[in-house]
Each structure stands twice: as C-alpha cells, then as structure tokens.
Number of protein chains: 2
Amino acid sequence: MDKNFYDKKTEIFKALANPMRLQIIDLLLNGEKCVCEIVKELNYEQSHISKGLVKLKSVHLIKDRKDGLNVYYSLNCDCMKDFFNCLNGII
Amino acid sequence: MDKNFYDKKTEIFKALANPMRLQIIDLLLNGEKCVCEIVKELNYEQSHISKGLVKLKSVHLIKDRKDGLNVYYSLNCDCMKDFFNCLNGII
DNA sequence: AATATATATGCCAATTATGGCATATGGCTA
DNA sequence: TAGCCATATGCCATAATTGGCATATATATT
C-alpha cells in the first residue's frame, strides 16, 4: 500500500515524538557518534537505543556508517537545529 | 508531576505526528482560519478537527481568537514553514 | 575455532493514541 | 425565551507505541 505525503510526514514526526530519540538527535547535532558513545551518554538500555536509531533511520532523519565493530550515526538534514531552537521558545 | 524539557518537546512532536493535524498546520501556514473553514477544506468530522485543534493548542503550536460564534486559529511560531520544506526534501 | 565486543532483533505486557458517534456548551437571532 | 449554529467534550473499541529482558548477528582478536 502506497503511503501518501501526509502519512510519510507523520512517520517523521512520530519518530521524533519520544524523549530518548530527541536526546539522540540533540547528541547528533554535535556531530557523528557511534552507538556505544550514545549509550554511554544517555541512561537507556543499549537495545532500546538501538531501536531508537533504527526508527530515526527508517524515516531518513539520520544515516549510518560502519567501521569495524562500530556503527556511526549522523544527522541527514541540517534543518533540525533551527527548528529545535524555535521550539525551545515555545516551551 | 513536573514534566522535564524533553518530555515537553516530545509532546510538541506528538501533537504534530498525525496526518490530519499536519494538514491543519499546512492550512494555517496560509494564515488564520476559523474551524468551519478548516472543516470545509479537510475531509474529517467536525468533532475530530476540533480535538486536533485542542491538541495543537495545548502545546502552544497554535493560538485561537473568538469572534462571535466563530473561533479563529493561527500559528504561534514562524519556524514551521522552513522545517516543513526541509522535511519535504527528505520525503 | 573460540571468545569478546558492538550492535540489532524478537517477544510481550502495560500504556497511550485514534477516530467515530452522541451530546454538551455558548453565542446569535427572532 | 426558544431555537439555531459553530465549536467542544465524553465515551469507547480498536490499534499503535513503549521499554524491558532475552537473544541473535557480525566483526575483531587470540
């Protein structure tokens, strides 16, 4: 079944609508990080972090790059920082 | 219970993570609209549209203004357009 | 080959979202 | 006051999300 425009956009916002995943995005705003670094910085289970990364990647908000045992994740678009700053004004 | 920063931010994204509510935002990008206009333009039940507006307003993404029988809604921040355009690139 | 380390996946119970239908509220007009 | 109209709320069954625990995969090292 083919998803339409608003359904796809909804998936992106669903991916962002979670405290842990927002923290991941905030970390990646400072540049590429491997999973182990993210796990060290955030207080969540490794398996949970991994699922969060899968979800963010599934909507193309982030991309990954493998290097030996490690997988490095980074942001896939540069508009996040501005929008997040704007939302901070609302909060 | 006091919600922390990421929980509040999550609420904003949850409010956006719905096709109907995203369509409402798109309509409001063109300026203030009353509920009846939104109901006319989108193919959803009036009660459902109303609930969507309540949800968007609860996280301060939109604001309202009453005029007689009508309630006019408009965006509460100007960063939506840029971010939405950016997401269109991802989709 | 065996082991260790980094990352990903499967399962599942508890919580939360969705959207329809009925109904309530509250301002207008006659 | 009565009735209409625009908007909001309550209830509810179905569906989706959440996050923990166990486990799988895949690469590196010895």
Side-chain angles (χ1 to χ4, degrees), chain A residues 1 3-4 6-25 27-28 32-76, chain B residues 1 3-25 27-28 32-74 76:
Chain A
M1 58 190 87
K3 294 219 161 198
N4 75 17
Y6 284 105
D7 287 334
K8 284 182 191 160
K9 213 159 172 178
T10 297
E11 290 308 310
I12 296 180
F13 282 107
K14 274 186 196 294
L16 289 167
N18 173 275
M20 185 199 68
R21 296 195 293 268
L22 285 177
Q23 284 177 268
I24 290 175
I25 297 283
L27 285 179
L28 297 183
E32 181 180 76
K33 279 198 163 40
C34 73
V35 182
C36 61
E37 291 174 296
I38 298 171
V39 170
K40 248 175 266 161
E41 299 218 41
L42 304 184
N43 212 15
Y44 291 98
E45 274 218 348
Q46 177 273 324
S47 69
H48 191 201
I49 298 267
S50 183
K51 278 184 222 177
L53 290 165
V54 166
K55 186 147 200 165
L56 290 170
K57 192 190 159 195
S58 74
V59 297
H60 309 106
L61 281 169
I62 62 178
K63 58 178 184 284
D64 64 347
R65 170 178 79 76
K66 296 181 201 218
D67 181 15
L69 274 181
N70 298 306
V71 180
Y72 289 87
Y73 283 92
S74 57
L75 292 183
N76 216 3
Chain B
M1 59 191 88
K3 293 219 161 197
N4 74 17
F5 174 75
Y6 285 105
D7 286 334
K8 284 182 192 158
K9 213 159 171 178
T10 297
E11 290 309 310
I12 297 179
F13 282 107
K14 274 187 197 292
L16 289 167
N18 173 276
M20 184 199 69
R21 296 196 293 268
L22 285 178
Q23 284 178 267
I24 290 174
I25 296 284
L27 286 179
L28 296 184
E32 181 181 76
K33 280 199 162 39
C34 73
V35 182
C36 61
E37 291 174 295
I38 298 171
V39 170
K40 249 176 265 161
E41 299 218 40
L42 305 184
N43 212 16
Y44 291 97
E45 272 218 348
Q46 179 274 324
S47 69
H48 190 203
I49 297 266
S50 182
K51 277 184 222 179
L53 289 164
V54 166
K55 186 149 202 165
L56 290 169
K57 190 189 160 197
S58 74
V59 297
H60 309 107
L61 282 169
I62 62 177
K63 58 179 185 283
D64 64 347
R65 173 179 78 78
K66 296 180 201 219
D67 183 15
L69 275 182
N70 298 307
V71 180
Y72 289 87
Y73 283 91
S74 57
N76 215 3

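Every chain is numbered from 1, with letters handed out A, B, ... down the list of sequences. It should be emphasised that the depicted structure is a prediction, and the values quoted were computed from it without experimental measurement.
Rounded to an integer number of Å, the gap from Glu45(B) CD to dC11(D) C1' is 14 Å. Here the C1' atom of nucleotide dT17(D) and the OH atom of Tyr44(A) are 14 Å apart, to the nearest Å. The distance between atom CD of Glu11(B) and atom C1' of dT18(D), rounded to the nearest whole Å, is 14 Å. Here the P atom of nucleotide dC5(D) and the NZ atom of Lys40(B) are 14 Å apart, to the nearest Å. Atom CG in Leu53(B) sits roughly 16 Å away from atom P in dA6(D) (whole-Å rounding). If you measure from atom NE2 of His48(A) to atom C1' of dG19(D), you get 5 Å, rounded to the nearest angstrom. Straight-line distance from the CG atom of Asn70(A) to the P atom of dA28(D): 10 Å, rounded to whole Å.
Taking both residues in full, the closest heavy atoms of Asn18(B) and Thr10(A) are given as C-OG1, 3.4 Å, listed atom of the first, atom of the second, then distance. Ile62(A) and Leu53(A) get closest at one heavy-atom pair: CD1-O, 3.5 Å.
In this structure, Val54(B) reaches the sugar-phosphate backbone alone: every heavy-atom distance under 4.0 Å involves primed, P, OP1 or OP2 atoms, never a base. Lys51(A) comes within 4.0 angstrom of a nucleotide base, judged by non-hydrogen atoms across all strands.
OP1 or OP2 of dA8(D) lies within a sub-4.0 Å distance of a side-chain N or O belonging to Tyr73(B).
No donor-acceptor contact under 3.5 Å links the side chain of Gln46(B) to the base of dA6(D).
Interface limits on DNA chain C: the 5'-most and 3'-most nucleotides within less than 4.0 Å of chain A heavy atoms are dT5(C) to dC11(C).
Each of Asn70(A), Val39(A), Ile38(A) was checked for a side chain to side chain contact (heavy atoms under 4.5 Å, CB included) with Lys33(A), and the lone residue meeting it is Ile38(A). Exactly one residue among Leu28(B), Asn76(B), Ile12(B) makes a side chain to side chain contact (heavy atoms under 4.5 Å, CB included) with Leu61(B). That residue is Ile12(B).
Annotation: of the two residues near DNA chain C, Asp64(A) and Asn18(B), the 5′-most nearest-nucleotide partner is Asp64(A).
Around atom NZ of Lys57(A), no more than 12 heavy atoms belonging to other residues, nucleotides or ligands sit under 6.0 Å away.
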